[in-house]
Every structure is written in structure tokens, then in C-alpha cells.
Amino acid sequence: MAHNKPEWGVRRLRRTDLPIDTAEMARYLIGKTLVHDLAVGRVSGRIVETEAYVVGDAAGHAFRGLTRRNRSLFLDRGRAYVHFAYGMHMMLNVSSEIRGVGAGVLLRALEPLDGISFMEHWRDHASLLDLARGPGRLAQAMGIDVRCDGLDLCAPGPLWLGASTRPAGEIGSSVRIGVSREARRLLRFYDRNNPYVSGPRSLSA
DNA sequence: AGTGCGATTGACT
DNA sequence: GTCAATCGCACTA
């Protein structure tokens with residue numbers, strides 16, 4: 001069960017820790033930690049929900065080939081791809097294949113760990129449960145914007161991935177949220193017993 | 001050049 | 001439950 005215990009000694013994930021397959025990466029990232037070290041302090045959270053946008057996926061932003069906007073998806077796995085959506089929201093993805101192949105994992109929800117007071121401020125004092133529940137909220141709570149696009153999450157730097165802070169729970173899967181193309185594919189993954197998940201928690205495991 | 005729409009969210013009936 | 005906000009990009013002409 002969630003307890004929001006801060007964790008300052010988390011080990012950074014190395015690129016070699018990351019699976020090279022996008023769907024495997026989406027499942028692997030459940031339970032891992034996302035950390036952003038800013039001048040004001042650290043914000044971090046436990047990743048509880050992801051979606052895979054795999055190679056050849058018509059719903060993926062890389063589907064039509066390399067452009068200025070989606071270029072980070074074509075970097076080696078473990079890079080940040082930050083997308084500006086609906087004219088107002090940021091969304092954070094992790095690139096997930098070898099260099100030159102476009103695919104990524106969307107981070108959809110976090111259980112807040114460190115820097116909760118910063119998150120509350122940036123999220124206009126939303127409730128703890130809603131601070132990072134949803135991809136746009138997650139980016140806002142973590143202080144992530146387009147300047148983070150292309151950052152290497154596996155290299156020394158402000159934005160990085162850390163190991164799990166406690167044993168992973170049961171992982172469920174479902175169709176992706178808000179996606180019309182390739183809508184039947186079960187490429188959303190979530191921690192079944194975590195209340196910080198954004199959408200349905202009832203579909204197949 | 002114009003149009004439609006999206007990997008969303010928050011406010012409102 | 002419904003709906004507007006708000007803008008970059010793909011697509012049509």
C-alpha cells in the first residue's frame with residue numbers, strides 16, 4: 001500500500017538495466033522511481049502507470065517517421081521525450097528502442113514521494129491523490145516542460161530513473177486511455193493495488 | 001491557407 | 001455525465 005515515504009538513497013538505473021523492447025519497458029518501469037533534481041530541491045515519485053507506443057504503432061507519435069517534434073523517440077532507450085499536448089499540457093515519455101527506431105513509453109501516473117510541497121504548489125494545491133494522477137498532471141507535478149526534451153535519464157543529470165523503493169505489486173494491463181487508433185491493444189500497464197493509478201483498475205492482469 | 005483533432009484537464013449541469 | 005480551453009501538426013486544396 002502507498003505510504004509516500006521519501007527515499008534519498010535510490011540507485012540510478014543504468015541503460016543496460018532497461019529492456020530494449022517497448023512493451024517490456026512499459027511493464028518494467030512500473031514500481032521504478034522518477035526523480036527531478038531542481039535548484040529548489042528534489043521531487044520524485046513511484047511510477048504506477050505506463051503505456052507502450054511500440055514500433056509500427058499507428059497511435060504512436062513516431063509512426064510517420066522522424067520529425068523535429070518526435071526526434072527524441074528515435075534516440076537510444078532511456079531518453080526523455082516531452083510532448084506539448086492540447087495546447088496546454090506536457091507529457092513525459094521514455095524512449096525505448098535502439099537509436100534510429102522510434103518508440104516510447106508514456107508515464108501516466110506517479111505516487112508522490114519527495115518534494116510533495118513543491119508538487120502541491122505547482123499543481124495549485126490539488127489533493128495528494130491527484131497530484132500526479134494523469135500524464136499532464138504528472139509532468140506539472142514533476143516540474144517537467146519542453147526543456148527536458150531529449151535529456152538522458154540514464155546519465156548524470158537533473159532528471160533520472162531510479163530503482164524500486166519497495167517490492168513491485170501485481171501488474172495489470174488494459175487498453176490505452178484516450179487512444180482511438182489500435183485501440184484494442186493491451187499496452188497500458190499499472191500497479192493493481194496502488195490508488196495513484198489514473199484510469200480503470202479492473203481489466204485483465 | 002484552412003481545417004480538424006489529439007497519448008488531457010478542470011469546471012460545470 | 002458534458003464541454004470548453006488552446007495550439008502544433010497532419011492533411012487537403
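Below, chain A is the first sequence line, B the second, and so on; all start at residue 1.
Using a 4.0 Å cut-off between charged nitrogen and carboxylate oxygen, R99(A) and D76(A) do not count as a salt-bridge pair. Between R15(A) and D152(A) there is a salt bridge, with a side-chain nitrogen of the basic residue lying less than 4.0 Å from a carboxylate oxygen of the acidic one.
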Verify side-chain contact (heavy atoms from CB on, under 4.5 Å) between Y53(A) and L73(A), making sure each step is shown before the conclusion.
CA-CA 10 Å; Y53(A) 289 85; L73(A) 287 173; over 6 Å; no

For D17(A) and R11(A), run salt bridge (charged side-chain N to carboxylate O under 4.0 Å, His left out): C-alpha distance rounded to whole Å, both residues' side-chain angles, the deciding distance at 0.1 Å, then the answer.
CA-CA 11 Å; D17(A) 292 322; R11(A) 176 178 77 81; 3.2 Å; yes

Report the C-alpha distance between R185(A) and V54(A) in whole Å, list the side-chain angles of each, state the deciding distance to 0.1 Å, and finish with yes or no for side-chain contact (heavy atoms from CB on, under 4.5 Å).
CA-CA 11 Å; R185(A) 305 185 73 169; V54(A) 302; 3.8 Å; yes

Evaluate the side-chain contact (heavy atoms from CB on, under 4.5 Å) criterion for residues F118(A) and L38(A): first the C-alpha distance (whole Å), next the side-chain angles of each, then the deciding distance (0.1 Å), finally the verdict.
CA-CA 11 Å; F118(A) 294 122; L38(A) 294 148; over 6 Å; no

Go through the steps for H36(A) and L159(A) under the test side-chain contact (heavy atoms from CB on, under 4.5 Å), then give the verdict.
CA-CA 4 Å; H36(A) 199 182; L159(A) 188 63; 3.8 Å; yes

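L131(A) pairs in a side chain to side chain contact (heavy atoms under 4.5 Å, CB included) with only one of the listed residues (E120(A), M142(A), R137(A)), which is E120(A).
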The dot-bracket string of DNA chain B, counting Watson-Crick and G-U wobble pairs with both distances under 3.5 Å, using [ ] for crossing pairs and | for pairs to another strand, is ||||||.|||||.

Between protein and nucleotides 3-13 of chain B, map the contacts as a letter string: B base, S sugar-phosphate only, - none, heavy atoms under 4.0 Å, written 5' to 3'.
---BBBSS---

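dC3(C) sits 15 Å from dC5(B) when the C1' atoms are compared, rounded to a whole Å. When the P atom is used for both dG4(B) and dA4(C), the distance is 15 Å, rounded to whole Å.
Heavy-atom contacts of chain A under 4.0 Å fall on DNA chain C between two terminal nucleotides, which in 5' to 3' order are dA5(C) to dC11(C).
Between the side chain of S44(A) and the backbone N or O of D114(A) there is at least one donor-acceptor pair closer than 3.5 Å. Remark: side-chain polar atoms of R77(A) are paired, donor with acceptor, to backbone N or O of L18(A) under 3.5 angstrom.
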